[in-house]
Amino acid sequence: MSEMVIFGGNRLCGEVKVSGAKNAALPILFATILIPKDRVLLKNVPEIRDVQLSFSILRELGISVKKKQNLYEISTDLACFRPPSPSMVGEMRASTYLMGAMLGRFGRVELPMPGGCDFGTRPIDLHLLAFEKLGARCEREDDRITVSAERLRGSTIVFPIVSVGATVNAVLAAIAAEGETVIVNAARETHVSDLCRFLRACGAEISGIGTSVLRVCGGKKLHGCGYRIIDDVIEMATYLSAAFVTRGEIKVKGQFDPSMESIVQPLYEMGALIREEDDGVTLSAGGKRFGTEIRTAPSPGFPTDLHPLYTVLLCLTENGGSVEENIWQERFRYAVQLQKMGASLRRVGTKIYAAPSTLYGGNVVAVDLRAGAALIIAGLASCGKTVIHNTELIERGYESITDKLCALGADIEKRQ
Ligand code: EPZ
């Protein structure tokens, strides 16, 4: 079990380059299963645990993955149907994307129920709804799921609530379905759009990208392509948060899309000075810091993945604020760890209230990926020493985070 040790209080300044988006890279990697006998060259793939795990799962299916300088070559010539190993699939929520990809390529998939961050139940009923609409049969037995279809036929899929994963799986399966599939109430997250753009580059016919109605004209053979994965806006916001809590000034370099408006708006309201340029975003926060009210929502709303981090920011404002969590009913487990560091937090139903707090170093545990990132931000803001345990969870989604923070002036180190 690895840990991170932080001596807080340093003012962070300088430039940091974000990596490729984890939540775009994962669906794109699994989408390569749909490409018969060709090569894909991917740039800007983040060097994180979940990507390495995805590579291992692809290799189990006979797909070759080779690193060539700063890109990955993926060859699907020898791809074959094989049930992926339960241990790997169980570790990562994104392995659910194997359902859409393997159903589309092989007409059949058998998986243990997928794992992922623990926010309470993580149902897959909407994924199965999409597959059944396209003509597949879904059977659950104990903790295994089998989805199969003689032929997939285009249909209209209407999601009752927005689901990133179910939208990804619906798109992947629709690629192989004869005729047009219309996906209504589709997720508009930037990483879903990136998957659709990647599939278009492979010859798929997809329209409505970035809107809540996607149209896929399926049944066409895909070919390989070269593609650059988008930069990670959640990682960007993480480094902007580090500048905010240390009253520093950081330029986060990368290409960010309009969805980041929902990410920077609360920072403006909290008193941050932000400069958006072509090659990145700069934040400084030397002045007064004001509380605000934040509500998480599907894109283009405020992303739930920044809920734990922005709660820390609110603790450091003059009048505090609140975050209303509307996506994950149990995304509050991080609060206990922050309270050990002096955060004054109170949960009422789906809302958490953060009162002005003085944060001090503590001995804490990362309970999930973004909760761990929030503890790092809190440690940077605190006076004293913070030890964060279980930091493998943080490395699932952040490439070289301790190196990047050290380069900005943080006193942080990783210990095995
Ligand atoms: C993706 O999870 C992300 N994971 C999560 O990020 C992110 O928090 C989430 O989207 C919301 O943006 C990846 O991209 C790998 P959902 P996903 O399906 O797809 C309910 C991170 O930090 N639901 O959009 O699992 C569900 O319970 C991770 O990188 C159903 O009811 O999320 C939730 O309340 C953590 N039935 C809501 O929909 C279903 O079949 C949104 O979930 C599926 C989902």
task = Verify, without hydrogens or angle tests, whether Thr167 (side chain) and Ala187 (backbone) share a donor-acceptor contact under 3.5 angstrom.
result =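 It does hold such a pair.
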Looking only at heavy atoms, which two atoms of [X] and [Y] are closest? And how far apart?
| X | Y | value |
| --- | --- | --- |
| Phe30 | Ala101 | O-CB, 3.3 Å |
| Asp279 | Lys251 | OD1-NZ, 2.9 Å |
| Ala166 | Leu126 | CB-CB, 3.7 Å |
| Leu152 | Ala173 | CD1-O, 3.8 Å |
| Leu134 | Ala174 | CD1-N, 3.8 Å |
| Leu12 | Thr246 | N-OG1, 3.2 Å |

Task: Worked verdict on Glu399 versus Lys17 for side-chain contact (heavy atoms from CB on, under 4.5 Å) - done: CA-CA 11 Å; Glu399 181 180 328; Lys17 172 103 185 60; over 6 Å; no
Exercise for the section: Begin from the C-alpha positions of Leu267 and Leu313 and carry the test side-chain contact (heavy atoms from CB on, under 4.5 Å) through to its verdict. Expected result: CA-CA 9 Å; Leu267 297 172; Leu313 309 192; 3.5 Å; yes
Do [X] and [Y] have side chains that approach each other closer than 4.5 Å (heavy atoms only, starting at C-beta)?
| X | Y | result |
| --- | --- | --- |
| Leu283 | Val281 | no |
| Asp125 | His127 | no |
| Leu314 | Leu316 | no |
| Tyr310 | Ile263 | yes |
| Ile175 | Leu222 | yes |
| Val364 | Thr386 | yes |
| Glu205 | Val216 | no |
| Lys37 | Ser75 | no |

- prompt: Hey, mind stepping through Arg415 and Glu413 against salt bridge (Lys or Arg N to Asp or Glu O under 4.0 Å) and telling me if it holds?
  reply: CA-CA 7 Å; Arg415 287 183 190 162; Glu413 66 165 348; 3.0 Å; yes
Quick note, ring-ring contact (aromatic ring centres under 6.0 Å, His included) partners involving residues 394-416, not counting sequence neighbours, are none
**OP:** Could you note down all residue pairs passing ring-ring contact (aromatic ring centres under 6.0 Å, His included) where residues 196-239 supplies at least one of them, sequence neighbours left out?
**Re:**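 For residues 196-239, and leaving out neighbouring residues, the ring-ring contact (aromatic ring centres under 6.0 Å, His included) pairs sorted by first residue read Phe198-Tyr227.
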May I have the list of side-chain donor-acceptor pairs in residues 39-65 shorter than 3.5 Å, sequence neighbours left out?
from  : atom 1 : to     : atom 2 : distance (Å)
Arg39 : NH1    : Glu73  : OE2    : 2.3
Asn44 : ND2    : Ile229 : O      : 2.7
Asn44 : ND2    : Asp231 : OD1    : 2.9
Glu47 : OE1    : Gln52  : NE2    : 3.2
Glu47 : OE1    : Tyr72  : OH     : 3.0
Glu47 : OE2    : Lys67  : NZ     : 2.6
Glu47 : OE2    : Tyr72  : OH     : 2.8
Arg49 : NH2    : Glu91  : OE2    : 3.4
Asp50 : OD1    : Arg396 : NE     : 2.8
Asp50 : OD1    : Arg396 : NH2    : 3.4
Asp50 : OD2    : Arg396 : NE     : 3.4
Asp50 : OD2    : Arg396 : NH2    : 3.1
Ser54 : OG     : Asp50  : O      : 2.7
Ser56 : OG     : Gln52  : O      : 3.1
Arg59 : NH2    : Val65  : O      : 2.9
Glu60 : OE1    : Ser85  : N      : 2.9
Glu60 : OE2    : Ser85  : OG     : 3.4

Would you tell me whether [X] and [Y] have side-chain atoms, one donor and one acceptor, within less than 3.5 Å of each other?
| X | Y | answer |
| --- | --- | --- |
| Thr296 | Glu324 | no |
| Gln265 | Glu261 | no |
| Asn363 | His389 | yes |
| Glu3 | Thr391 | no |

* With salt bridge (Lys or Arg N to Asp or Glu O under 4.0 Å) as the test, would you mind laying out the steps for Asp278 and Lys253 before giving the verdict? => CA-CA 9 Å; Asp278 292 346; Lys253 300 192 74 171; over 6 Å; no
| task | Apply side chain to side chain donor-acceptor pair (under 3.5 Å) to the pair Glu325 and Thr304, showing each step before the final yes or no. | result | CA-CA 7 Å; Glu325 174 55 56; Thr304 173; 3.0 Å; yes
[X] side, atom [atom1]; [Y] side, atom [atom2] - distance, nearest 0.5 Å:
| X | Y | atom1 | atom2 | result |
| --- | --- | --- | --- | --- |
| Ile412 | Asp403 | CD1 | CG | 9.5 Å |
| Ile250 | Arg11 | CD1 | CZ | 10.0 Å |
| Phe81 | Ile33 | CZ | CD1 | 11.0 Å |
| Ile401 | Ser19 | CD1 | OG | 10.0 Å |
| Asn390 | Gln337 | CG | CD | 10.0 Å |
| Ile209 | Ser207 | CD1 | OG | 8.0 Å |

* Is atom CD of Glu277 surrounded by more than 12 heavy atoms (other residues, nucleotides or ligands) closer than 6.0 Å? ->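 Atom CD in Glu277 is crowded, with more than 12 foreign heavy atoms closer than 6.0 Å.
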Handout entry: NZ (Lys404) with more than 12 external heavy atoms under 6.0 Å
Key = yes
After noting the C-alpha distance and the side-chain angles of Val184 and Ile157, does the key distance pass the side-chain contact (heavy atoms from CB on, under 4.5 Å) rule? CA-CA 6 Å; Val184 180; Ile157 300 164; over 6 Å; no
Side-chain ion pair, [X] and [Y], N-O less than 4.0 Å:
| X | Y | value |
| --- | --- | --- |
| Glu139 | Arg137 | yes |
| Arg347 | Glu330 | yes |
| Asp38 | Lys221 | no |
| Arg108 | Glu110 | yes |

In short, salt bridge (charged side-chain N to carboxylate O under 4.0 Å, His left out) pairs touching residues 179-199 with sequence neighbours left out are Glu180-Arg215, Asp194-Arg197
- So which pairs with a foot in residues 149-175 pass salt bridge (charged side-chain N to carboxylate O under 4.0 Å, His left out), sequence neighbours left out?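 As it turns out, there is no salt bridge (charged side-chain N to carboxylate O under 4.0 Å, His left out) pair with a partner in residues 149-175 once direct neighbours are skipped.
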Practice problem: Using the ring-ring contact (aromatic ring centres under 6.0 Å, His included) rule, take Tyr334 and His307 through it: C-alpha gap first, then chi angles, then the decisive distance, then the call. | Solution: CA-CA 10 Å; Tyr334 71 92; His307 158 180; 5.1 Å; yes
How far apart are the C-alpha atoms of Leu128 and Ile145, what are their side-chain angles, what is the distance that settles it, and do they pass the side-chain contact (heavy atoms from CB on, under 4.5 Å) test? CA-CA 10 Å; Leu128 305 184; Ile145 181 88; 3.7 Å; yes
Could you pull out all residues at least two apart from Glu249 that satisfy salt bridge (Lys or Arg N to Asp or Glu O under 4.0 Å)?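 For Glu249, no residue satisfies salt bridge (Lys or Arg N to Asp or Glu O under 4.0 Å) once neighbours in sequence are set aside.
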